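Counting starts at 1 for both ligands and their atoms, in listed order. The structure displayed is predicted, hence computed values, not measured ones.
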Amino acid sequence: MAKEILNPLESAQKQIKMACDSLGLDKAVYELLKEPQRVIELSIPVKMDDGTVKVFKGYRSVHNDAIGPGKGGVRFHPAVNLDEVKALSVWMTFKCCVTGIPYGGAKGGITVDPQTLSKAELERLSRGYIDGLHKYLGEKIDVPAPDVNTNGQIMAWMVDEYIKLTGKNEIGVITGKPVEWGGSKGRNEATGFGVAVIAREFAKKHGIDLKGAKVAIQGFGNVGSFTVKNVQEHGAKIVAVAEWTPNYGTYAIYNKDGLDFADLYDYFYKKGNRNFLEYPKGELISLDDFWKLDVDILIPAAMENAITEEVAEKINAKMICEAANGPITPDADEALERRGIPVSPDILTNSGGVTVSYFEWVQNLYGYYWTESDVVEKQEIAMIDAFKDIWKIKEEHDVTMRKAAYMHSVKKVAEVMKLRGWY
Ligand SMILES: NC(=O)C1=CN([C@@H]2O[C@H](COP(=O)(O)OP(=O)(O)OC[C@H]3O[C@@H](n4cnc5c(N)ncnc54)[C@H](O)[C@@H]3O)[C@@H](O)[C@H]2O)C=CC1
Ligand SMILES: O=C(O)CCC(=O)C(=O)O
């Protein structure tokens with residue numbers, strides 16, 4: 001058997017190549033899109049609480065800014081590396097095209113386990129990232145946001161540092177801020193809200209009603225938890241949640257009668273358990289058993305490469321909605337296609353987060369703020385429109401949803417690069 005591609009940059013390049021070839025585009029388009037336009041590597045010195053100095057590795061990649069400023073989150077995770085950040089920035093370019101928002105793609109990260117830092121060290125690290133990067137950021141240049149292990153507080157420290165260094169009170173330089181300081185209502189929940197909308201539309205196309213559908217979700221972070229909340233509001237039954245905990249590893253909890261969002265959230269976050277190992281209302285099962293569950297919809301909402309070819313062969317779900325970025329490897333994608341398990345791709349499914357980041361940016365630029373119902377209504381319309389666009393291409397060309405999403409967005413970027421005279 002050929003070795004599986006697990007380098008996310010190689011996966012991303014494979015996806016671009018497939019779209020360029022299907023569209024018969026000029027060779028220069030692939031050459032322009034296969035690598036980011038700009039990558040910045042940082043060494044970030046941080047004074048630790050014990051008086052020592054530790055140096056952290058940081059990255060920011062702007063993949064393509066033909067359509068607009070770079071846009072994409074910043075991840076704090078021990079596995080962050082250059083190729084991962086590059087791949088995540090590629091996916092942002094095409095995600096922004098899918099929803100038609102006027103941005104290019106970017107992504108950043110720091111190689112760190114934030115759990116090992118005190119709050120003061122985390123603040124100094126977040127500010128240090130901006131110290132190294134501020135010259136390359138701006139409301140119309142490159143606009144970061146939260147991703148894995150980052151949140152509104154971290155964005156607020158970063159914006160504060162940016163303002164101190166530049167003297168410019170431009171809070172639209174970063175989105176995902178707390179609502180009390182320039183954040184948009186609805187942003188915190190936006191990715192999960194959007195995943196539920198796409199899951200509902202995708203299920204409908206396959207004759208499944210989200211109301212009453214059995215759903216299993218991997219990851220109970222920002223995206224996973226709010227996906228649970230929103231699919232439950234649509235009437236779905238959450239039968240399993242998979243998580244990862246230091247010193248234990250991966251596991252899942254299962255309840256055939258359904259798990260309840262409010263109870264899960266209270267146990268995990270409000271009571272501060274941060275794991276479900278002793279959760280009283282679910283049976284502890286292995287990750288392997290989680291993948292094999294007989295469910296209607298499986299939603300990976302944790303990290304890349306969760307579903308390898310080996311895992312794909314075990315899956316019994318009727319469909320998969322990718323809430324994480326890059327959770328299915330290319331070989332697994334082929335296996336799922338062969339097995340007739342449809343996949344709603346990440347660049348469509350999880351595009352709700354960046355869509356509401358765009359709304360936040362617009363509100364910051366205007367200095368005029370919307371109600372939560374304005375945000376939610378506009379987001380739902382944007383996501384349904386995006387779904388219809390991609391579904392139409394899928395039907396017209398008889399391709400997978402992923403291929404349709406890439407054909408749609410690579411074509412769009414290629415057209416703008418052509419207009420701008422880049423090839
Ligand atoms: N936060 C956002 O707005 C957006 C995030 N995403 C993507 O969604 C995914 C999740 O991001 P967030 O929820 O923001 O991160 P997060 O840091 O809030 O949550 C991630 C969760 O996944 C769990 N996890 C990690 N490895 C796991 C494993 N092997 N099995 C089960 N659980 C595991 C962690 O314990 C944590 O609870 C990432 O791929 C991210 O890039 C995509 C679009 C927007
Ligand atoms: O909200 C944003 O700008 C970016 C969110 C993000 O990083 C993602 O969609 O993967």
Side-chain angles (χ1 to χ4, degrees), residues 8 61 69-80 84-85 87-96 98-99 101 103-109 113-115 142-152 154-155 172-177 183-184 186-195 216-228 240-246 248-253 264 268-269 273-276 286-287 290-291 299-307 311 322-328 346-361:
S61 164
K71 189 83 193 82
V74 181
R75 174 177 291 198
F76 286 4
H77 194 276
V80 163
E84 181 191 64
V85 171
L88 289 161
S89 72
V90 170
W91 291 326
M92 285 309 305
T93 300
F94 302 119
K95 189 183 300 186
C96 293
V98 163
T99 41
I101 54 180
Y103 290 134
K107 200 86 176 197
D113 178 358
Q115 251 73 280
D142 179 13
V143 184
D147 190 67
V148 174
N149 287 327
T150 55
N151 54 32
I154 292 173
M155 299 305 113
V173 65
I174 292 178
T175 61
K177 299 179 290 295
S184 176
R187 172 61 185 90
N188 199 31
E189 220 179 285
T191 312
F193 175 86
V195 172
I217 297 188
Q218 183 200 27
F220 198 71
N222 173 277
V223 178
S225 64
F226 288 118
T227 298
V228 169
V241 175
E243 252 297 334
W244 172 89
T245 301
Y248 188 90
T250 55
Y251 62 95
I253 46 164
L264 291 168
F268 196 83
Y269 288 107
N273 287 298
R274 296 289 168 149
N275 70 69
F276 291 118
S286 67
L287 185 63
F290 169 84
W291 295 127
I299 307 184
M303 303 289 283
E304 305 90 80
N305 296 335
I307 301 180
V311 172
E322 289 185 316
N325 286 307
I328 300 179
D346 47 7
I347 60 172
L348 167 67
T349 316
N350 71 28
S351 62
V354 74
T355 300
V356 178
S357 271
Y358 166 60
F359 296 162
E360 177 174 330
W361 181 78

d(Asn149 CG, Gln115 CD) to nearest 0.5 Å is 6.0 Å
Separation between CH2 (Trp244) and CE (Met303), nearest 0.5 Å, reads 9.5 Å
Legend entry - Heteroatom proximity flag, Gln218 to ligand 1, N/O under 3.5 Å: yes
Out of Phe220, Tyr251, Trp244, the nearest non-hydrogen contact to atom 27 (C) of ligand 1 is supplied by Trp244
The protein heavy atom nearest to atom 1 (N) of ligand 1 is Asn222 OD1, 3.7 Å
For Ala324, the ligand 1 atoms with a heavy-atom partner under 4.0 Å come out as 8 (O), 9 (C), 39 (O)
- prompt: Polar-atom distance check: Val223 versus ligand 1, any N or O pair below 3.5 Å?
  reply: yes
In terms of its nearest heavy atom to atom 3 (O) of ligand 1, the top option of Thr191, Leu287, Val354 is Thr191
protein heavy-atom neighbour closest to atom 35 (O) of ligand 1 works out as Glu243 OE1, 2.6 Å
Between Glu304 and ligand 1, is there a nitrogen or oxygen pair with a distance under 3.5 Å? no
inquiry  = Between Glu322 and Ile328, is there a side-chain heavy-atom distance shorter than 4.5 Å?
reply    = yes
Going by the 4.0 angstrom heavy-atom rule, the piece of Pro327 near ligand 1 is neither
- prompt: Is there a donor in the side chain of Ser184 and an acceptor in the side chain of Lys177, or the other way round, less than 3.5 Å apart?
  reply: no
Within the 4.0 Å heavy-atom cut-off, what Ala301 brings close to ligand 1 is backbone
Measure the distances from the heavy atoms of Lys107 to every atom of ligand 2 and state whether one is below 4.0 angstrom.
yes
Yes or no on salt bridge (charged side-chain N to carboxylate O under 4.0 Å, His left out) for Arg75 and Glu84, after CA distance, side-chain angles and deciding distance?
-> CA-CA 10 Å; Arg75 174 177 291 198; Glu84 181 191 64; 3.2 Å; yes
Ala302-ligand 1 polar pair, N/O distance under 3.5 Å = yes
dist Asn273:CG -> Leu264:CG (nearest 0.5 Å) comes out at 11.5 Å
Quiz item: Is the shortest distance from a heavy atom of Arg75 to ligand 1 less than 4.0 Å?
Solution: yes
Under 4.0 Å from one or more heavy atoms of Gly353, ligand 2 contributes atoms 1 (O)
the protein heavy atom lying closest to atom 29 (N) of ligand 1 turns out to be Thr250 CG2, 3.6 Å
Contact with ligand 2 for Gly72, non-hydrogen, under 4.0 angstrom: yes
For residues 217-227, the salt bridge (Lys or Arg N to Asp or Glu O under 4.0 Å) pairs (sequence neighbours left out) are none
task = Measure the shortest side-chain to side-chain distance between Thr250 and Gln218 over non-hydrogen atoms and say whether it is less than 4.5 angstrom.
result = no
**Q.** Stepwise side-chain contact (heavy atoms from CB on, under 4.5 Å) test for Phe76 and Val74
**A.** CA-CA 7 Å; Phe76 286 4; Val74 181; 3.9 Å; yes
Looking only at protein heavy atoms, what sits closest to atom 15 (O) of ligand 1 is Val148 CA, 3.5 Å
Under 4.0 Å between heavy atoms, the region of Arg187 that gets near ligand 1 turns out to be side chain
Tested for side-chain hydrogen bond (donor to acceptor under 3.5 Å, both in side chains) against Asn222, the lone hit among Asn188, Thr227, Thr191 is Asn188
shortest atom 7 (C) of ligand 1-to-protein heavy-atom contact is with Asn325 ND2, 3.5 Å
**Prompt:** Side chains of Val173 and Val143: closer than 4.5 Å at any heavy-atom pair?
**Reply:** no
Ranked by distance from atom 1 (O) of ligand 2, the top protein heavy atom is Ser357 OG, 2.5 Å
Atom 5 (C) of ligand 2 sits nearest the protein heavy atom Arg187 NH2, 3.9 Å
The protein heavy atom nearest to atom 9 (O) of ligand 2 is Lys95 NZ, 2.6 Å
For the residue pair Tyr251 / Thr245, report whether a side-chain donor-acceptor contact shorter than 3.5 Å exists. yes
Of Ala79, Ser225, Gly221, Pro114, the one whose closest heavy atom lies nearest atom 21 (C) of ligand 1 is Gly221
Within the 4.0 Å heavy-atom cut-off, what Asn350 brings close to ligand 1 is both
In this structure, atom 17 (O) of ligand 1 is nearest to the protein heavy atom Asn149 N, 3.0 Å
Q) Can Arg187 and Thr175 be counted as having a side-chain donor-acceptor contact under 3.5 angstrom? A) no
Any heavy atom of Asn325 under 4.0 Å from ligand 2? The part involved is side chain
Among non-hydrogen protein atoms, atom 40 (C) of ligand 1 lies closest to Asp147 OD1, 3.2 Å
For atom 3 (O) of ligand 2, the closest protein heavy atom turns out to be Lys71 NZ, 2.7 Å
Q: Using distance alone, determine whether Gly73 and ligand 2 share an N or O pair under 3.5 Å.
A: yes
- Query: Hey, does Asn350 have a side-chain heavy atom less than 4.5 Å from the side chain of Lys95?
  - Reply: yes
Are Phe276 and Phe268 an aromatic pair, judged by ring center distance below 6.0 Å?
yes
- Query: Between Tyr248 and Asn275, does a side-chain contact (heavy atoms from CB on, under 4.5 Å) hold up when you go through it step by step?
  - Reply: CA-CA 10 Å; Tyr248 188 90; Asn275 70 69; over 6 Å; no
